[in-house]
Protein chains: 2
Amino acid sequence: MGATRGGPGEAAGEDPCRTRAVLGIVGDKWSLLVVRHLSEGPRRFTELKRAVDGISQRMLTVTLRGLERDGILTRTVRNVMPPHVSYELTPMGRTLREATAPLLEWSIAHVGHIDDARAAYDARPDTPATPGG
Amino acid sequence: MGATRGGPGEAAGEDPCRTRAVLGIVGDKWSLLVVRHLSEGPRRFTELKRAVDGISQRMLTVTLRGLERDGILTRTVRNVMPPHVSYELTPMGRTLREATAPLLEWSIAHVGHIDDARAAYDARPDTPATPGG
DNA sequence: CCGGATCCAAAATGATACTG
DNA sequence: CAGTATCATTTTGGATCCGG
């Protein structure tokens, strides 16, 4: 994707391509949850593994690497025994965390309604089959 | 993605906040972009395919099915020639669109900074290898 | 023609074993 | 503790065919 960057005054809704590019940063299953669990301060690898329960060790590594590469968090290694690696949001990471707050609140507020919608949809007799892979 | 939405294993109580469960709704590559492109009114399948360029026909179908099932949008079929299927946000879908606005704006505002961070990271001599799959 | 379903190849992901 | 290597499973994308 191009290195061209727009001015900060650009409003959302004017540049679909770039929006798509950056949604690639957080548009996966784990990134937003990792960011969320770092919002209260630095965390170690295993602490995150427990907090974001359900994530595999491999995907936590991959997700953290990606967020570090994107400048969302920092990775600090202390060469001691046992090893100690801590992850912390950068200033930009904290702005991301703030930007995702409404979405997380929406999730919590609407999960019940969505359960209902799913049940109603699955009860429909004319439900189309989902294409397989 | 569509097949994994709300499996039977996602019972209430497994996750105290349940944010993970609901992030499964929009935590994929395409859902937020589809919702975004429906914010200005109903759109047809092919219009969405063009707007969310890069999405495959199959993934658009799967994503739309999932969002319909979750009560985010409605699917209206008119049996005419040529076929006419239009998708439109529900009231709940519109609240989701509002909740995602800050994130989309953040994306546009920070894409340049992220490009820089990636370049700096890739220039580091000690970049760890990413685990393969 | 438009919307969608199926088959196949590629990529992403999860589980497990192993290492410093 | 914090990863890495490897393999099995799942998801995604492209091409193609189908129904109206």
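Closest to the side chain of B/Arg44, out of C/dC2, C/dG4, D/dG14, is C/dC2. Proximity note for A/Pro83 (side chain, C-beta onward) versus C/dG4, D/dG3, D/dC1: the nearest is D/dC1. With D/dT12, D/dG20, C/dG4 as the candidates, the nucleotide lying closest to the side chain of B/Met59 is D/dT12. For A/Arg65, taking side-chain heavy atoms from C-beta onward, the closest of the listed nucleotides C/dG4, D/dG14, D/dG3 is D/dG3.
Taking atom NZ on B/Lys29 and atom C1' on C/dT13, their separation rounds to 14 Å, with Å as the unit. Atom-to-atom, CH2 of A/Trp30 to C1' of C/dG14 comes out at 10 Å; the value is rounded to the nearest Å. The distance between atom CZ of A/Arg58 and atom C1' of D/dG3, rounded to the nearest whole Å, is 13 Å. The CD atom of A/Gln57 sits 14 Å away from the P atom of C/dC18 (whole-angstrom rounding). The CZ atom of B/Phe45 sits 18 Å away from the P atom of C/dC1 (whole-angstrom rounding). Whole-Å rounding puts the A/Arg75 CZ to D/dC1 C1' distance at 12 Å. For the pair B/Ile55 CD1 and D/dG13 C1', the interatomic distance rounds to 11 Å; values are reported in whole Å. Between the C1' atom of C/dG4 and the CZ atom of B/Arg78 lies a distance of 19 Å, rounded to the nearest Å.
Distance check, rounded to the nearest 0.5 Å: CG of A/Leu73 to OG1 of A/Thr90 gives 7.0 Å.
Side-chain nitrogen and oxygen atoms of A/Thr46 include at least one within less than 4.0 Å of the OP1 or OP2 phosphate oxygen of D/dA2. At the phosphate of D/dC1, neither OP1 nor OP2 sits under 4.0 Å from any side-chain N or O atom of A/Tyr87.
Checked for salt-bridge contact, B/Asp28 and A/Lys29 miss the test: no charged N lies under 4.0 Å from a carboxylate O.
Between A/Trp106 and A/His110, the ring planes are parallel. Angles under 30° get that label, and only those over 60° would be called perpendicular.
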